[in-house]
Amino acid sequence: MIDLPLLARGKVRELYAVDDGHLLLVASDRLSAYDVVLPTAVPDKGAVLTGLSVWWFEQLADLVPNHLVTARTAEYPDSLQPYADELRGRSMLCRRLTMVPVECVARGYLTGSGLRDYQQTGGICGERLPVGLQDGSRLPATVFTPATKAAVGDHDENVSYDAVVDAVGAELAAELRRLTLAVYGRGSAIAADRGILLADTKLELGHDRDGVLVLGDEVLTPDSSRFWPADGWQPGQAQPSFDKQYVRDWLDASGWDRTAPGPELPGEVVERSREKYVEAYERLTGSSFDSWLREA
Ligand code: Q0Z
């Protein structure tokens with residue numbers, strides 16, 4: 001257990017206060033499927049997501065500054081050294097930001113809440129889209145589809161760009177949209193080179209104490225984005241998830257009714273799931289996952 005003030009707890013990660021200016025983001029090995037956190041952990045999942053985030057922050061550094069101070073436990077402050085073994089690989093020491101109260105989402109493909117909006121309105125977040133699009137269709141252009149953060153356990157609510165302007169002002173709204181589309185553009189280009197489609201991604205931005213807009217949280221991980229194997233892409237049906245498909249297939253066949261608590265996963269599903277997370281890390285970064293654990 002980490003004896004620091006817990007600032008926030010997400011479904012699968014925790015955020016601790018370290019000092020006035022710093023936070024510690026800790027990713028667990030828990031996994032959520034169909035909106036339920038499963039009782040079985042996937043070993044190393046938290047470290048894979050953390051390693052990916054750190055790598056993406058580097059890939060994006062010329063587009064937007066980020067909140068990462070260090071993910072090397074040897075560089076953590078003395079107050080964290082008692083927890084170094086527990087934190088290694090799956091934590092990031094971050095600068096504390098004043099978060100912008102907007103979930104910044106970019107979508108290059110239609111699925112999820114974007115598909116539901118489209119079916120009901122012919123567009124997403126007030127942006128019209130062509131008729132005839134299907135689940136998994138490539139969008140004619142990447143769209144910024146902001147949402148407002150819901151209470152824990154609830155879904156974020158898609159909102160119009162005008163609603164973002166009303167909430168944060170025209171200048172910041174334009175900057176959120178520009179940065180979100182730039183991050184998606186860089187991320188999807190890199191992923192596509194490695195045979196992975198980046199369907200969509202969610203960013204969180206905040207201001208540092210100098211008033212600079214900074215990328216926070218985790219970025220371009222399988223928990224904040226949808227990654228699809230490019231070779232299985234076929235619009236008109238739900239796309240297989242790069243990381244979670246084995247788990248979903250097993251859950252679908254298990255007869256589980258998708259209410260909490262979910263079932264324990266069998267060892268082979270856990271192991272296959274772990275392999276998919278590690279494969280995502282290695283395909284995207286071109287480095288071994290072991291090298292990440294050694295670096296951290
Ligand atoms: C992130 C979240 C949770 C993990 C607040 N650098 C920052 N400064 C201020 N606030 C945040 C950050 Cl990253 C911040 N979240 C989302 C919740 C676990 C991340 F429970 N909330």
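Residues: numbered from 1 along the sequence shown. Each ligand, and each atom within it, is numbered from 1 in the order the structure gives.
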*Asks:* Given L24, which of V69, V18, L7, L15 fulfils the side-chain contact (heavy atoms from CB on, under 4.5 Å) condition?
*Replies:* V18

*Asks:* By number and element, which atoms of ligand 1 are closer than 4.0 Å to a non-hydrogen atom of G10?
*Replies:* 3 (C), 20 (F)

*Asks:* Check for me whether R177 meets the cation-pi criterion with Y161, that is, NZ or CZ under 6.0 Å from the six-membered ring centre and within 45 degrees of the ring axis.
*Replies:* yes

*Asks:* Dump the intermediate steps for salt bridge (Lys or Arg N to Asp or Glu O under 4.0 Å) on D252 and R258, then the final yes or no.
*Replies:* CA-CA 9 Å; D252 291 349; R258 301 187 187 179; 3.4 Å; yes

*Asks:* Hey, which atoms in ligand 1 end up nearer than 4.0 Å to a heavy atom of R96?
*Replies:* 8 (N)

*Asks:* Please list the nearest protein heavy atom to atom 9 (C) of ligand 1 with its residue and the distance rounded to 0.1 Å.
*Replies:* L97 O, 3.1 Å

*Asks:* Check whether the side chains of S53 and E218 place a donor and an acceptor atom closer than 3.5 Å, and report yes or no.
*Replies:* no

*Asks:* Show me which atoms of ligand 1 lie under 4.0 Å from any heavy atom of R9.
*Replies:* 20 (F)

*Asks:* Check whether the side chains of R107 and T145 place a donor and an acceptor atom closer than 3.5 Å, and report yes or no.
*Replies:* yes

*Asks:* Which residue owns the protein heavy atom closest to atom 18 (C) of ligand 1, what's the atom, and how far is it?
*Replies:* R13 CG, 3.7 Å

*Asks:* Tell me, which protein residue and heavy-atom name are nearest atom 16 (C) of ligand 1, and how many Å apart are they?
*Replies:* D217 OD2, 3.4 Å

*Asks:* A quick test of your reading: do over 12 heavy atoms of other residues, nucleotides or ligands sit less than 6.0 Å from CG of D3?
*Replies:* no

*Asks:* Any nitrogen or oxygen of H67, side chain or backbone, less than 3.5 Å from one on ligand 1?
*Replies:* yes

*Asks:* Where's the contact between M99 and ligand 1, heavy-atom distance under 4.0 Å: side chain, backbone, both or neither?
*Replies:* side chain

*Asks:* Checking contacts here: is it the side chain or the backbone of E218 that comes within 4.0 Å of ligand 1, counting heavy atoms only? Could be both or neither.
*Replies:* neither

*Asks:* Taking the ring of Y109 and the ring of W233, is the distance between their centroids below 6.0 Å?
*Replies:* yes

*Asks:* Give the contacting part of L25 toward ligand 1: side chain, backbone, both or neither, where contact means a heavy-atom distance below 4.0 Å.
*Replies:* side chain

*Asks:* Give a yes or no on this: more than 12 heavy atoms of other residues, nucleotides or ligands lie within 6.0 Å of atom CG of D78.
*Replies:* no

*Asks:* Do K149 and ligand 1 have an N or O pair less than 3.5 Å apart?
*Replies:* no

*Asks:* Looking only at side-chain N and O atoms, does S28 offer a donor or acceptor that is under 3.5 Å from a partner on R9?
*Replies:* no

*Asks:* Can you tell which part of L23 has a heavy atom less than 4.0 Å from ligand 1: side chain, backbone, both or neither?
*Replies:* side chain

*Asks:* Can you tell me the protein heavy atom closest to atom 1 (C) of ligand 1 and the distance?
*Replies:* L15 CD2, 3.8 Å

*Asks:* Considering only non-hydrogen protein atoms, determine which one is nearest to atom 17 (C) of ligand 1 and report residue, atom name and distance to 0.1 Å.
*Replies:* A8 CB, 3.8 Å

